[in-house]
Amino acid sequence: MDRKAAIAIVAAMPLLAVAFYLLTRVLPHFWGYFAALAFYWFAILTPLIIWRGGFGKIRRDLVWPARIVATLSIIMILGVAGAAALRLVEMPLPLWITGVMILAACVNGTLEECFWRGTLLQDGATLAERSWQLLLFTGWHVALLFATGVVVTGGPALLLLGAAGGGLLWTISRMQTGSIGFGMASHIGLNVFAFIELAALNQ
């Protein structure tokens, strides 16, 4: 594990909590939430990736992991897709908001995998290092709980459980294949439906 990157992301977590706290109070709640996410993407993750070697050193080719890992990843995506579909039946979204959520999902899934499994987690990582990476990845989601006025299906427990479950599958995939490609594709797929459902729930 890249220890300097780990220390930096831990130091940044209180800033993220403050960003979610403040931006959801000074902006409309839902858009403040995504403004805080943009702060996370472009003021924290992107500089850390560049500082620790850049995007060029990260393998992103799509290599399928073991069947059980791929199957569980697909099941997780389908579960979130089903929840999003049910929500959209009750609360349809304008097409432009759907497009913004898809774009946000692509940015989030790409940058998170490039940092958490591409920069922070390295080839040959020990079980302890993988565990710490997963703990930190799950832990950063605590910052989301400082947002005001944004409703998340299942509440804080499901949010953290989902982060831990997805993070575990994507970490296993990274260590099995040496690439973040499958994790990135899965992460984006999950985020597309999760963000669309979040938008429908909070419009």
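We number each residue from 1, following the sequence as shown.
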Following the transitive rule for hydrophobic clusters with a side-chain heavy-atom cut-off under 4.5 Å over Ile, Leu, Val, Met, Phe, Trp and Tyr, establish whether [X] and [Y] coincide in one cluster.
X	Y	value
L23	V151	no
V100	L201	no
V10	L111	yes
F34	F42	yes
L78	M76	no

> Is atom CZ of F146 surrounded by more than 12 heavy atoms (other residues, nucleotides or ligands) closer than 6.0 Å?
Replying inline: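 It does not: F146 CZ has 12 such atoms or fewer within range.
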
>> Could you check whether atom CH2 of W132 has more than 12 heavy atoms from other residues, nucleotides or ligands sitting under 6.0 Å from it?
In response: no

Look up atom [atom1] in [X] and atom [atom2] in [Y], then write down how far apart they are to the nearest 0.5 Å.
X	Y	atom1	atom2	value
L198	M101	CG	CE	7.5 Å
R117	M184	CZ	CE	12.0 Å
R52	R3	CZ	CZ	12.5 Å
L145	F20	CG	CZ	10.0 Å
L93	L88	CG	CG	5.5 Å
T119	I50	OG1	CD1	10.0 Å

With the side chain counted from C-beta on, respond yes when [X] and [Y] share a heavy-atom pair under 4.5 Å apart, and no when they do not.
X	Y	result
L16	W140	yes
F30	Q203	no
R174	D123	yes
W116	L136	yes
L169	S173	no
T138	L161	no
L158	V152	no

> Taking the inter-plane angle between the rings of F182 and W64 on a 0 to 90° scale, is it parallel (under 30°), tilted (30 to 60°) or perpendicular (over 60°)?
Replying inline: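 Tilted.
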
> Is the H141 ring parallel, tilted or perpendicular to the F137 ring (thresholds 30°, 60°)?
Replying inline: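 Rings of H141 and F137: perpendicular, over 60°.
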
Nearest heavy atoms of [X] and [Y], plus distance in Å:
X	Y	answer
A185	L62	CB-CD1, 4.5 Å
Q122	M175	O-CE, 3.8 Å
A19	F39	CB-CD2, 3.8 Å
T153	R87	OG1-NH2, 3.3 Å
G109	I188	CA-CG1, 3.8 Å
A8	W51	CB-CZ3, 4.1 Å

>> Both conditions, 6.0 Å and 45 degrees, for the charged tip of R60 above the ring of F55: are they met here?
In response: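 R60 over F55 ring: no.
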
>> Tell me whether S179 contacts the main-chain N or O of D61 through its side chain, where contact means a donor paired with an acceptor under 3.5 Å.
In response: yes

> A105: what forms a side chain to side chain contact (heavy atoms under 4.5 Å, CB included) with it, not counting sequence neighbours?
Replying inline: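 Once residues adjacent in sequence are excluded, the partners of A105 under the side chain to side chain contact (heavy atoms under 4.5 Å, CB included) criterion are N191, V192, F195.
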
> For T171, which of Q133, Q176, R130 qualifies under side chain to side chain donor-acceptor pair (under 3.5 Å)?
Replying inline: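 Of the listed residues Q133, Q176, R130, the side chain to side chain donor-acceptor pair (under 3.5 Å) partner of T171 is Q133.
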
